[in-house]
Amino acid sequence: MKAHFMKLMTHPDYAWVDIRSEEERQPRHYLPHLLLWALLPAVCLFIGVTWTGWSLAAGERVRVSVASGLQLGVLLYVTLLLGTLIMGAFIRWMSRTFDARPTLNQCIGFVAYTTTPYFLAGITGLYPSRWLAVAALIVAGAYATYLLFVGLPKFMRLTQDKGFLYAASVWGVGLLVLVTILVSMILFWFNTLQPEYLRP
């Protein structure tokens with residue numbers, strides 16, 4: 001798992017070949033990577049909203065109770081896993097159009113590794129800040145897009161032309177899924193669970 005992470009960050013061309021080979025030999029090889037890395041943003045956000053807090057006005061820090069922070073962390077973790085499954089299903093569904101025949105597990109694994117930059121960006125949850133989060137998401141999105149366009153042709157063993165069109169389709173669907181599930185999660189937490197705010 002550590003080797004794949006380092007290769008994805010430094011030599012993604014080689015990483016995707018290795019990842020595809022391991023997924024063929026051992027289905028669900030991606031699970032430890034997905035389950036552990038998805039914990040990073042959830043745990044960091046829990047710490048950030050319950051311990052660090054955020055500022056709405058000068059000199060004021062707002063936090064939430066441990067129970068509300070735990071709800072948010074669990075919701076984020078489940079949302080990340082669900083989003084990965086949904087994107088994997090979309091990639092599998094679209095594969096026929098591009099003459100690729102991956103299994104559903106391979107598609108979910110591809111998404112799990114492609115979204116690694118987003119998981120890593122979750123470290124910013126330790127210090128909740130709108131601008132820090134936006135900056136981290138922009139950087140993570142740029143590198144995840146790079147991994148997608150470099151990796152999909154190699155992972156699916158397609159020509160560059162087909163791989164580019166396939167990746168562009170996945171990118172569009174991925175953006176829609178990302179925005180939809182994250183907004184739905186926040187609205188559910190805010191409106192249904194009604195977090196308990198703590199102000200000094």
Q: Mind running side chain to side chain contact (heavy atoms under 4.5 Å, CB included) on Val49 and Leu45 for me, showing each step along the way?
A: CA-CA 6 Å; Val49 298; Leu45 188 61; 4.0 Å; yes

Q) So Thr116 and Tyr143, side chain to side chain contact (heavy atoms under 4.5 Å, CB included) or not? Walk me through it. A) CA-CA 9 Å; Thr116 299; Tyr143 197 73; over 6 Å; no

Q.
As a quick check of understanding, evaluate side chain to side chain contact (heavy atoms under 4.5 Å, CB included) for Met94 and Cys107, giving each step before the final call.
A. CA-CA 11 Å; Met94 289 187 286; Cys107 294; over 6 Å; no

Q: Would you check, one step at a time, whether the test side chain to side chain contact (heavy atoms under 4.5 Å, CB included) holds for Val170 with Phe90?
A: CA-CA 8 Å; Val170 170; Phe90 268 117; over 6 Å; no

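Aromatic pair Tyr113/Tyr30: ring centres not closer than 6.0 Å. Taking the six-membered ring for Trp, Phe46 and Trp51 have ring centres at least 6.0 Å apart.
The hydrophobic clustering, which links ILVMFWY residues whose side-chain heavy atoms are closer than 4.5 Å, places Tyr127 and Val64 apart. By the rule that hydrophobic residues join a cluster once side-chain heavy atoms approach within less than 4.5 Å of another member, Leu82 and Val177 end up as members of one cluster. Cluster membership for Met156 and Val150, using ILVMFWY side-chain heavy atoms within less than 4.5 angstrom, is shared. The cluster map of Ile, Leu, Val, Met, Phe, Trp and Tyr, joined by side-chain heavy atoms under 4.5 Å apart, puts Tyr118 and Val134 in different clusters. When hydrophobic clusters are built by joining Ile, Leu, Val, Met, Phe, Trp and Tyr residues whose side-chain heavy atoms come closer than 4.5 Å, directly or via intermediates, Trp37 is grouped together with Met6.
Note on Arg157 versus Glu24: salt bridge recorded, some NZ/NE/NH1/NH2 to OD/OE distance being below 4.0 Å.
Heavy-atom contacts from other residues, nucleotides or ligands closer than 6.0 Å to CZ of Arg101 number more than 12. Counting non-hydrogen atoms of neighbouring residues, nucleotides and ligands closer than 6.0 angstrom, the CZ atom of Phe98 exceeds 12 such neighbours. Heavy-atom neighbours of Tyr197 OH from other residues, nucleotides or ligands within 6.0 Å: above the threshold of 12.
Note: Leu70 CG to Leu75 CG = 10.0 Å, rounded to the nearest 0.5 Å. For the atom pair Tyr146 OH and Leu8 CG, the distance stands at 10.5 Å (nearest 0.5 Å). We find the CG-CG distance between Leu85 and Leu34 to be 7.5 Å, quoted to the nearest 0.5 Å. Between the CZ atom of Phe119 and the NE2 atom of His33 there is a distance of 6.5 Å, given to the nearest 0.5 Å. Between atom CG of residue Leu187 and atom OG1 of residue Thr192 there is a gap of 8.5 Å, rounded to the nearest 0.5 Å. With rounding to the nearest 0.5 angstrom, the CG atom of Leu72 is 5.5 Å from the CD1 atom of Ile186.
Using a 4.5 Å heavy-atom cutoff, the side chains of Leu35 and Leu81 are in contact. At least one side-chain heavy atom of Leu178 sits under 4.5 Å from a side-chain heavy atom of Leu182. Looking at Val62 and Ser55, their side chains never come closer than 4.5 Å, going by heavy atoms from C-beta outward. Between Lys7 and Pro12, every side-chain heavy-atom pair lies at or beyond the 4.5 Å cut-off. Counting heavy atoms from C-beta on, the side chains of Ile19 and Glu22 never come closer than 4.5 Å. Annotation: side chain of Leu80 is not in contact with side chain of Thr115 (no heavy-atom distance under 4.5 Å). Between Ser65 and Gln71 there is no side-chain heavy-atom pair separated by less than 4.5 Å.
Between the side chain of Thr52 and the backbone N or O of Leu126 there is at least one donor-acceptor pair closer than 3.5 Å. Under the 3.5 Å distance criterion, the side-chain polar atoms of Trp189 are matched with a main-chain donor or acceptor of Ser68. Side-chain atoms of Gln26 never come within 3.5 Å of backbone atoms of Glu23 as a donor-acceptor pair (strictly under, hydrogens ignored). Side-chain atoms of Arg63 do not come within 3.5 Å of backbone N or O of Leu198 as any donor-acceptor pair. The backbone N or O of Phe155 sits less than 3.5 Å from a side-chain atom of Arg20, completing a donor-acceptor pair. Side-chain atoms of Ser184 never come within 3.5 Å of backbone atoms of Ile181 as a donor-acceptor pair (strictly under, hydrogens ignored).
Contact record, Arg61 with Gly53: NH2-O, 2.7 Å, taken as the closest heavy-atom pair. The two residues Thr124 and Ala133 make their nearest non-hydrogen contact at OG1-CA, 4.5 Å. Contact detail for Tyr166 and Leu158: the closest heavy-atom pair is CD1-CD1, 3.5 Å. Pro153 and Gln160 make their closest contact through CB-NE2, 4.1 Å (heavy atoms, listed as atom of the first residue, atom of the second, distance). The shortest heavy-atom contact between Met185 and Thr79 is CG-OG1, 3.4 Å. The shortest heavy-atom contact between Thr84 and Ile108 is CG2-O, 3.9 Å.
Between the side chains of Trp54 and Ser129, no donor-acceptor pair of N or O atoms lies under 3.5 Å.
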